[in-house]
There are 2 protein chains.
Amino acid sequence: MERNTRQRTAIRDALESAARPLLPQEVLDRAKLAAPGVSLATVYRNLKSLVEDGLARPVNLPGESTRFERTHAHHHHHFQCRSCQSVFDVHECPGELVHLAPPGFVVQDHDLTLYGYCAPCAQSQGLQAKLLT
Amino acid sequence: MERNTRQRTAIRDALESAARPLLPQEVLDRAKLAAPGVSLATVYRNLKSLVEDGLARPVNLPGESTRFERTHAHHHHHFQCRSCQSVFDVHECPGELVHLAPPGFVVQDHDLTLYGYCAPCAQSQGLQAKLLT
DNA sequence: TTGTATGCAAAGCGTTTGCAGTGAT
DNA sequence: ATCACTGCAAACGCTTTGCATACAA
């Protein structure tokens, strides 16, 4: 049976209260506020069990280490800012991706990551919303 | 100045003759055929310089370690088979992704990865080309 | 009391780097 | 003869795991 420890609660709350996917180290930093002394190993173990229970989801961005977010009901993607490195949710999806693969290939799923500048960074750098692909 | 060593040639040829992005270990395996004794460290060093020279490109799939492919002229994406784990090029692109991001965000670039079964694996497992997103 | 969860430290794994020796120019 | 390149092994950063202890049930 699963037990409700101070650490587990702190870790779950850290994900719950975050508006964006967190790195394990970020989860640790936040969990320490409620459970001082919690270890990184415990964070990893709990993230793993949260994922297994469907309460959290791993977010793998190309070339980055795995982040975690609380499970959202809907299909979505991510946007990473090239200035502040933060990751944001993107709720739209282009869809119709099945036809992109070569004939005979079975497409089940996809990951899409957008790169550029988030609104705050774009503004502070005086960037226009250039329309590149 | 850069020197043409047996190892460098073998590594470049390994990428050149591959039809898909290779893991560093796969590059090593192939390079060893032409340059026995070549080390993994040398593979990494040469991959790095090939990327700097624009002759190779890193391919980062979510949750996978970095693969490398010879530089293609055109924009493309990748498909990973859930059965054999191989990665294939997908030459189509949905485009029009700029509009997916929230207002104020500047979208410069994107990565798209499709998942499913490649034609050989789908056939050997009797899968139909189901039309899931 | 029982046994899961935890903290610590060590081990893994992929990648990078320091160093002395090798070899292309 | 230079000095960039190489192989080896150690170092690294992130993640996982073994083990004895702590604590929820």
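By convention in this document, chain letters (A, B, ...) are assigned in the order of the sequence lines, proteins followed by strands, and residues within each chain are numbered from 1.
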Trainee: Working to the nearest 0.5 angstrom, can you tell me the gap between Q108(A) CD and L114(B) CG?
Mentor: 11.0 Å
Trainee: Is any side-chain nitrogen or oxygen of Q7(A) closer than 4.0 Å to OP1 or OP2 of dA22(D)?
Mentor: no
Trainee: Could you work out, with ring pair (Phe, Tyr, Trp, His ring centres under 6.0 Å) as the rule, every residue matching H91(B), not counting sequence neighbours?
Mentor: H74(B)
Trainee: Please state how far atom NZ in K32(B) lies from atom P in dT6(D), giving the value in whole angstrom units.
Mentor: 15 Å
Trainee: Please tell me which of the listed nucleotides, dG7(C), dG7(D), dC14(D), lies nearest to the side chain of S65(A)?
Mentor: dC14(D)
Trainee: By a strict heavy-atom criterion of less than 4.0 Å, which residues belonging to residues 13-28 of chain A are in contact with DNA chain D?
Mentor: P24(A)
Trainee: Would you mind reporting whether F88(A) and R20(A) have side-chain heavy atoms less than 4.5 Å apart?
Mentor: no
Trainee: To the nearest Å, give me how far apart CD1 (I11(A)) and C1' (dA5(C)) are.
Mentor: 10 Å
Trainee: So if I apply the side-chain contact (heavy atoms from CB on, under 4.5 Å) rule between L22(A) and each of R30(A), R70(A), R67(A), which one comes out positive?
Mentor: R30(A)
Trainee: Between dT6(C) and T5(A), is there an OP1 or OP2 to side-chain N/O distance shorter than 4.0 Å?
Mentor: yes
Trainee: What heavy-atom pair brings F79(A) and C118(A) nearest, and what distance separates the two atoms?
Mentor: CE2-N, 3.8 Å
Trainee: Can you name the residues that form a salt bridge (Lys or Arg N to Asp or Glu O under 4.0 Å) with R8(A), not counting sequence neighbours?
Mentor: E2(A)
Trainee: Can I get a per-line list of side-chain donor-acceptor pairs under 3.5 Å for residues 12-19 of chain A, giving both atom names and the distance, sequence neighbours left out?
Mentor:
residue	atom	partner	partner atom	Å
S17(A)	OG	D13(A)	O	3.0
S17(A)	OG	A14(A)	O	3.4

Trainee: In whole angstrom, give the distance that lies between atom CG of L47(B) and atom P of dT16(C).
Mentor: 9 Å
Trainee: Measure up the H75(A) and H110(A) rings against each other and bin them: parallel (under 30°), tilted (30 to 60°), perpendicular (over 60°).
Mentor: perpendicular
Trainee: Using a cut-off of under 3.5 Å, enumerate the N/O to N/O pairs linking the protein to nucleotides 21-23 of chain C.
Mentor:
residue	atom	partner	partner atom	Å
dG23(C)	N2	R3(B)	NH1	2.4

Trainee: Taking atom P of dA24(D) as reference, at what distance in whole Å does atom CG of N46(A) sit?
Mentor: 14 Å
Trainee: So, the side chain of T71(B) versus the backbone of L55(B): is there a donor-acceptor pair under 3.5 Å, distance only?
Mentor: yes
Trainee: Got a donor-acceptor contact below 3.5 angstrom from the T66(B) side chain to the N60(B) backbone?
Mentor: no
Trainee: Whole angstrom is fine here: how far is it from CD in E64(A) over to P in dG13(D)?
Mentor: 17 Å
Trainee: Enumerate the protein-to-nucleotides 16-21 of chain D contacts in which both atoms are nitrogen or oxygen and the separation is below 3.5 Å.
Mentor:
residue	atom	partner	partner atom	Å
dG18(D)	O6	R45(A)	NH1	3.3

Trainee: Starting from the 5' end of DNA chain C, give me the residue, T66(B) or N4(B), whose nearest nucleotide shows up first.
Mentor: T66(B)
Trainee: Between P on dG7(C) and CZ on R8(A), what's the gap in Å once rounded to a whole number?
Mentor: 12 Å
Trainee: Do P21(B) and E26(B) make a side-chain contact, defined as non-hydrogen atoms from C-beta onward lying under 4.5 Å apart?
Mentor: no
